[in-house]
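Worksheet: one structure, shown below.
In listed order, ligands and their atoms are each counted from 1. In this text the structure is predicted, and so the values were computed from the model without any measurement.
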Amino acid sequence: MQNRCVNMIAHLFNAPLGEGEAAIGVGTVGSSEAIMLAGLAFKRKWQNKMKAQGKPHDKPNIVTGANVQVCWEKFARYFEVELKEVKLEDGYYVMDPEKAVEMVDENTICVAAILGSTLNGEFEDVKRLNDLLVEKNKETGWDTPIHVDAASGGFIAPFIYPEIEWDFRLPLVKSINVSGHKYGLVYAGIGWVIWRNKEDLPEELIFHINYLGADQPTFTLNFSKGSSQVIAQYYQLIRLGYEGYKNIMENCQENTRVLREGLEKTERFNIVSKEIGVPLVAFSLKDSSRHNEFEISEHLRRFGWIVPAYTMPANAEHVTVLRVVIREDFSRTLAERLVADIEKVLHELDTLPARVTAKLAATAEGEGSSGHKKSPMEVQLEITNVWKKFVAEKKKTKNVIC
Ligand SMILES: Cc1ncc(COP(=O)(O)O)c(C=O)c1O
């Protein structure tokens, strides 16, 4: 079943497979394990090449955007690869392909592009990256490859944006990961990594065991694991098929539109997610002088919503966003209710007594007791405390507002 899933996903990603040829890939615990394996394959291939050329092979690096998910930092630290991050900038929250290619050197094992940034759902321009890298490889004689982290986008783009070239249609894309437990529509604990060809996964990383009765090739970080997620993925792929996934993703896209337009109508937010991308809405306050995104997040909890607020990575740390990910079960009714609840929260915050808003603003901007700049977590905690004190005071005077 695992191999059948690998084949279906490889076809979905346009792997160049001959008639009857089996795809190369494996089921993992999630995209994180998939990325560790893909990264290891790149590192080993690069080391083999450098050794064959008699060159030093002890300082591998990988080029990514500063917006990468933490699993890339884990890969870099656990497997001793330098992470070279392209910094973000105001209004541009994904990796700039031009800057990424400038950072590539002879020790770069691969450039990792993201199809669906964790922070704002935006698809990075893999085609542009591929074209620039083809040029650079031609000039230098190197053969720097690309990995696509399609944790979310891998089960979205093939269904609703089939015209976007991001996958094995591009010659330098050698491996792709996708999370089955995100838009693959399976419960938590499944991811996939697919390689373009046999040659892209060094044979020495594959172990063969036969003590279970037949030759079993294994390339995973652990060995035994439950089969339920693989069965669930197989079931979803077979039961829904291309049309089923397409309908669900179109529905998510439509509910995303409803939420985005509802937020735009309030005229209080800048939308920092893009229309083309993962079905999510990331948004920040146009004016955060009176209250900030952490306060909105905190207040929304009282209505049963957990909407995270977070700051962008370097060099866009001054931008704070709230993010809502639209999955299959997030209906239009829920989208409308969320907009209504956000409006209630805004109204409450707007009508807070001036002394409380002043205290909140000072908390959000002030320095910590030891003179250091407060971390977003510290700010969030202190804002919550100010708010709790205020509610307690109100309760004492029987003037309860929540
Ligand atoms: C772009 C990206 N890559 C990798 C991951 C890690 O995925 P997983 O949770 O499946 O290990 C995530 C998870 O949020 C992600 O958004």
- [ ] Determine, stepwise, if the pair Asp341 / Arg337 fulfils salt bridge (Lys or Arg N to Asp or Glu O under 4.0 Å).
- [x] CA-CA 6 Å; Asp341 287 344; Arg337 195 190 302 165; 5.7 Å; no
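Aromatic rings of Phe269 and Phe283 (six-membered ring for Trp) have centroids within the 6.0 Å cut-off, being under it.
Of the protein's non-hydrogen atoms, Thr118 OG1, 2.8 Å is the one closest to atom 16 (O) of ligand 1. Looking only at protein heavy atoms, the nearest one to atom 11 (O) of ligand 1 is Ser32 OG, 2.6 Å. The protein atom (non-hydrogen) at minimum distance from atom 9 (O) of ligand 1 is Lys182 NZ, 3.5 Å.
Considering only heavy atoms from C-beta on, Asp350 comes within 4.5 Å of Arg268 through its side chain. Counting heavy atoms from C-beta outward, Val26 and Leu37 have side chains that approach closer than 4.5 Å.
Checking Ile190, Asp149, Val325 against atom 2 (C) of ligand 1, the nearest heavy atom belongs to Asp149.
Near Ile114, with a cut-off below 4.0 Å to any heavy atom, the atoms of ligand 1 are 1 (C). Atoms of ligand 1 lying under 4.0 Å from any heavy atom of His181, numbered from 1 in the order shown and given with element: 8 (P), 9 (O), 10 (O).
An N or O contact shorter than 3.5 Å links Ser179 to ligand 1 by distance.
Look at Cys71 and you'll find a heavy atom under 4.0 Å from some atom of ligand 1.
Shown here for Thr266 and Leu263, the closest heavy-atom pair between the two residues is OG1-O, 2.6 Å. A pairwise comparison of heavy atoms in Val86 and Ala100 identifies CG2-CA, 3.6 Å as the closest pair.
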